[in-house]
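In listed order, ligands and their atoms are each counted from 1.
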Amino acid sequence: MSEPLRVVVLVSGSGTNLQALLDAASDPSYPVSVVAVGADRDAIEGLARAERAGIPTFVHRVPDFETREAWDEALTASVSSFEPDLVVSAGFMKLVGDAFLSRYAGRFLNTHPALSPSFPGMHGPADALAYGVKVSGCTLFVVDSGVDTGPIVAQAAVPVLDGDSAESLHERIKTSERAMLVEAVGRIAREGFSVDGRVVRFGR
Ligand code: GAR
């Protein structure tokens, strides 16, 4: 059997998407190894999940650096020390800079709780609810220099229900998001993927 895909996951909060990857990767038939977890803040459940799984962690807080570029370079160096094949931002609430993007171009994925290109940014579920859409969902995409604009790897649709709050909609989206992430990262590990303009295809 070939080596598992080496994945570094970046988190800022509860880390339930990370946990879904960790749970999947505990099955030897899932060809993915989460080799490290990075964060932009301390004392979050996402880091605790990694520690419980015995996975190395690192934290780089933006306010601890003189410039955003210095933070970006530290993040790039820490991620690179684990030699990942793929980096997954799973609830990582920071935009990376040029150093990171150029090092991981085409190998850096982000999961977003809306159906792109609708509702980019930090408040996908609340923005979808305020707009009155009846269907929202989640999007896994290849990060480019825009905000949630990169080529789409996978999406899942989720209904908006009467009486939803931003929180209840987000929780419903996250249930689909975890399954989407596990499925897509598994396919990338087994089949590879390519990006042609805006179109992503699995396969080598
Ligand atoms: C996920 O829904 C993710 O898409 C979202 O944060 C949540 C993290 O959940 N990310 C963004 O909104 C980024 N724009 P988790 O920490 O439980 O995995």
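The protein heavy-atom contact nearest to atom 11 (C) of ligand 1 is M93 CE, 3.5 Å. If you check which protein heavy atom lies closest to atom 1 (C) of ligand 1, you get E177 OE1, 3.3 Å. For atom 9 (O) of ligand 1, the closest non-hydrogen atom of the protein is K174 NZ, 3.2 Å. Looking at atom 16 (O) of ligand 1, its nearest protein heavy atom turns out to be G15 N, 2.7 Å.
The ligand atoms of ligand 1 that sit less than 4.0 angstrom from a heavy atom of S14 are 15 (P), 16 (O), 17 (O). Heavy-atom contacts of G121 reach the following atoms of ligand 1: 14 (N) (cutoff under 4.0 Å). Close approach of ligand 1 to N17 is summarised as follows: ligand atoms under 4.0 Å from at least one heavy atom of the residue are 1 (C), 9 (O), 15 (P), 18 (O).
For a threshold of 3.5 Å applied to N or O pairs, the pair formed by G91 and ligand 1 contains no separation below that value. At under 3.5 Å, a nitrogen or oxygen of T111, whether backbone or side chain, sits near a nitrogen or oxygen of ligand 1. Between D148 and ligand 1, not a single N/O pair is under 3.5 Å apart.
A donor-acceptor contact under 3.5 angstrom links the side chains of D164 and S168, judged on distance only. No donor-acceptor contact under 3.5 angstrom links the side chains of T76 and Y104, judged on distance only.
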| request: Carefully, step by step, assess E45 and R52 under the rule salt bridge (charged side-chain N to carboxylate O under 4.0 Å, His left out). | output: CA-CA 10 Å; E45 182 60 17; R52 286 197 292 272; 2.7 Å; yes
| Do D144 and T149 pass the side chain to side chain donor-acceptor pair (under 3.5 Å) test, and can you show the C-alpha distance, the side-chain angles, and the key distance before you say yes or no? | CA-CA 7 Å; D144 65 10; T149 52; 2.6 Å; yes
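H112 and F141 have perpendicular rings, their planes meeting at more than 60° on a 0 to 90° scale where under 30° would count as parallel.
For atom 12 (O) of ligand 1, the nearest non-hydrogen atom from the set P125, P120, P113, A114 comes from P113.
Hydrophobic clustering keeps I152 apart from V142 (ILVMFWY residues linked when any side-chain heavy atoms are closer than 4.5 Å, directly or through intermediates). Hydrophobic clustering of Ile, Leu, Val, Met, Phe, Trp and Tyr side chains at less than 4.5 Å, counting indirect connections, keeps V87 apart from L21.
Proximity of H170 to ligand 1 is established by a heavy-atom distance of less than 4.0 Å.
Considering only heavy atoms from C-beta on, S116 comes within 4.5 Å of Q155 through its side chain.
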